[in-house]
Amino acid sequence: MDFDKINKLLIGEPAFRVQQVARHIWRDLIEDWSGATTLSKELRAKLAEGCSLEIKAEVFPDKDGPSATASPEVRRAGRSAKALITLEDGLSVETVLMRHDGRNTVCVSSQIGCPLGCSFCATGQMGFKRNLSTGEIEEQVLFWARYLKKEGERLSNMVFMGMGEPFLNYDNVFAAIKALNDDNLLGIGARHISISTAGVIEGMERMAEDMPQINLAISLHAPNDELRQKLMPIAKKYPLANLMAAAEDYVGRTNRKLMFEYIMIKGVNDSDEHAKELAKLLSKRLFFVNLIAYNQTGDFVPSSPAQIKRFKDILMKGGVQALERYRFGQDIKGACGQLAGK
Ligand code: SAH
Ligand code: SF4
């Protein structure tokens with residue numbers, strides 16, 4: 001499916017006709033032009049000939065759900081599914097659906113691969129292929145909206161935590177969010193949309209200006225520059241002092257809560273000392289931390305649940321709001337941030 005082709009085919013059509021097409025695609029979630037019943041037969045035939053609505057994808061569902069022996073968090077997390085979508089140029093992109101507590105969240109990719117090369121991240125280790133277009137970002141969401149419709153459900157949330165760094169593809173990500181947020185289309189509420197960044201400061205500044213209603217998350221993963229630079233090469237470009245100043249500026253401008261993600265890697269960033277250092281860094285109004293057990297994709301090992309709890313207690317004592325979060329989709333090896341497009 002190629003949104004650009006559809007737009008080209010609609011050049012010269014009146015605005016209301018273009019809106020009808022958009023409604024068929026995004027509200028009726030048609031998968032083939034025969035369902036576009038408000039259009040003339042001629043236009044339908046022209047569209048059918050010029051551009052298929054098919055999204056080529058392979059789904060890897062977690063049919064059975066988490067096993068009975070899984071931890072309570074995992075069982076509560078419910079069913080996830082991963083899809084591999086083949087794009088027009090033959091490259092493929094991964095997207096994940098996470099279903100929990102009555103919410104259906106799509107985890108979208110913004111790039112194929114990622115140029116930032118974080119050492120713990122499967123996407124980072126595969127290198128960078130290219131940015132995704134606005135339409136290719138939208139297509140991932142449309143795919144799951146159609147999938148859920150067949151089960152009588154709707155998509156409620158969307159997070160940019162798939163492959164890639166969204167702020168290195170800012171314009172396309174922003175355009176996709178605007179479209180997906182549009183009430184005449186899918187209408188996903190701004191407060192139900194989140195962007196996770198490795199800390200690209202320019203992107204944070206633009207976001208505070210362009211879309212202050214959307215949730216921001218910063219991948220921190222270390223409480224000091226030395227360790228952060230080892231894990232995330234981008235930390236050399238944006239030292240913590242600058243990143244934290246930008247974070248405070250963001251909260252000052254938007255008055256929104258700001259989430260810091262911290263994956264817990266055994267013996268690397270999970271000591272009591274690290275927790276104390278982190279508490280100093282983050283004990284600010286409207287900051288909070290999500291502690292996430294590292295999902296083993298390479299040589300690192302996840303922290304023990306007991307150490308995660310200790311770490312959390314130290315943060316709380318230090319005046320930092322901290323939550324432990326299960327990384328959805330562990331069961332299908334397709335959790336956010338762990339996609340390698342294989
Ligand atoms: N590039 C952005 C968004 C995509 S990654 C970013 O880095 O924030 C989404 C999240 O998944 C990030 O917090 C990332 O650090 C995390 N992540 C990457 N690999 C992971 C792994 N193996 N286990 C758990 N979280 C991981
Ligand atoms: Fe890129 Fe995010 Fe993975 Fe780092 S963690 S390599 S920024 S996708």
Side-chain angles (χ1 to χ4, degrees), residues 73-74 77 80 82 93-96 98 105-132 137 140 158-170 173 177 193-201 203-204 207 214-222 227-238 243 246-247 258-266 268-270 288-303 308 323-342:
E73 291 78 15
V74 174
S80 306
K82 175 168 69 175
V93 64
E94 281 192 45
T95 170
V96 173
M98 301 172 288
T105 302
V106 53
C107 177
V108 257
S109 297
S110 53
Q111 303 182 308
I112 302 185
C114 180
L116 297 184
C118 300
S119 58
F120 50 80
C121 172
T123 306
Q125 294 309 303
M126 73 177 266
F128 176 63
K129 297 263 169 43
R130 66 172 173 84
N131 276 337
L132 292 174
I137 296 170
Q140 299 169 53
M158 156 164 133
V159 295
F160 281 87
M161 293 189 183
M163 301 167 92
E165 166 52 46
F167 286 160
L168 294 182
N169 187 15
Y170 189 96
V173 165
I177 288 177
I193 302 175
S194 305
I195 296 184
S196 173
T197 179
V200 177
I201 291 177
M204 290 164 54
M207 183 173 162
I214 283 164
N215 307 302
L216 177 63
I218 298 176
S219 295
L220 199 60
H221 309 329
L227 178 57
R228 196 161 188 268
Q229 286 171 12
K230 273 194 208 144
L231 298 172
M232 309 176 73
I234 195 194
K236 294 186 192 110
K237 184 166 175 201
Y238 303 104
L243 181 59
L258 179 49
M259 188 224 279
F260 289 87
E261 293 161 279
Y262 197 99
I263 52 175
M264 299 286 294
I265 313 175
K266 188 174 193 165
V268 173
N269 65 354
D270 69 344
F288 72 104
V289 189
N290 249 333
L291 299 174
I292 302 150
Y294 173 68
N295 199 11
Q296 201 157 356
T297 54
D299 297 337
F300 293 120
V301 176
S303 307
I308 297 178
L323 304 168
E324 253 177 88
R325 194 179 55 173
Y326 165 69
R327 198 40 115 180
F328 298 105
Q330 215 139 12
D331 37 355
I332 48 165
K333 296 194 172 46
C336 285
Q338 293 141 54
L339 307 175
K342 282 195 204 100

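All heavy atoms count here, side chains included; hydrogens, waters and symmetry mates do not. Just so you know, ligand 1 is whichever comes first in the structure, and atom 1 is the first atom listed for that ligand.
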Q111 (side chain) donor-acceptor with E165 (main chain) under 3.5 angstrom: yes
Specify whether an N/O/S atom of C118 falls short of 2.8 Å from atom 1 (Fe) of ligand 2. no
Under a 4.0 angstrom heavy-atom cut-off, which atoms of ligand 1 come close to F120? 15 (O), 18 (C), 19 (N), 22 (N)
What's the separation between atom CD1 in I308 and atom CG in L291, rounded to the nearest 0.5 Å? 7.0 Å
May I ask whether G162 has any heavy atom positioned less than 4.0 angstrom from an atom of ligand 1? yes
Rounded to the nearest 0.5 Å, the CD atom of E261 sits from the OG atom of S196 at a distance of 3.5 Å
Closer than 4.0 Å to some heavy atom of G117 - which atoms of ligand 2 meet that? 6 (S)
What part of A198 sits under 4.0 Å from ligand 2 if we count only heavy atoms: the side chain, the backbone, both or neither? side chain
For R228 and H221, indicate whether the former's side chain and the latter's backbone hold a donor-acceptor pair under 3.5 Å. no
Those atoms of ligand 1 less than 4.0 Å from some heavy atom in G164: 1 (N), 2 (C), 3 (C), 4 (C)
Can you list the ligand 1 atoms lying under 4.0 Å from a non-hydrogen atom of C121? 18 (C), 19 (N)
Straight-line distance of T197 OG1 to L216 CG, nearest 0.5 Å: 7.0 Å
For ligand 1, which atoms have a heavy atom of T297 less than 4.0 angstrom away? 22 (N)
Out of E261, H221, Q296, M264, the nearest non-hydrogen contact to atom 15 (O) of ligand 1 is supplied by H221
Please confirm whether G164 approaches ligand 2 to less than 4.0 Å, judged on its heavy atoms. yes
N169 side-chain N/O to S110 backbone N/O, donor-acceptor pair under 3.5 Å: yes
Does Q125 reach the main-chain N or O of C118 with its side chain, forming a donor-acceptor pair under 3.5 Å? yes
Give the atoms of ligand 1, by number and element, whose distance to some non-hydrogen atom of I263 is under 4.0 Å. 24 (C), 25 (N)
Which bit of L116 is near ligand 1, meaning a heavy atom under 4.0 Å away: side chain, backbone, both or neither? neither
If I apply the N/O under 3.5 Å rule, does A293 come out as touching ligand 1? no
Decide yes or no on side chain to side chain contact (heavy atoms under 4.5 Å, CB included) for K266 and Y294, but give the supporting numbers first. CA-CA 9 Å; K266 188 174 193 165; Y294 173 68; over 6 Å; no
Just which atoms of ligand 2 are under 4.0 Å from any heavy atom in G124? 6 (S)
Return the minimal non-hydrogen interatomic distance between D270 and S303, and the atom names on each side. OD2-OG, 2.8 Å
Give the atoms of ligand 1, by number and element, whose distance to some non-hydrogen atom of T197 is under 4.0 Å. 6 (C), 8 (O)
Nearest atoms (heavy-atom pairs only) where L227 meets N269: CD2-CB, 3.8 Å
Keeping the roles fixed (side chain from S109, backbone from M163), state whether a donor-acceptor pair exists under 3.5 Å. yes
Does even one non-hydrogen atom of C114 get within less than 4.0 Å of ligand 1? no
Hey, does Y294 come in under 3.5 Å of ligand 1, counting only N/O atoms on both sides? no
Can you sort out which atoms of ligand 2 are near L116, meaning under 4.0 Å from one of its heavy atoms? 7 (S)
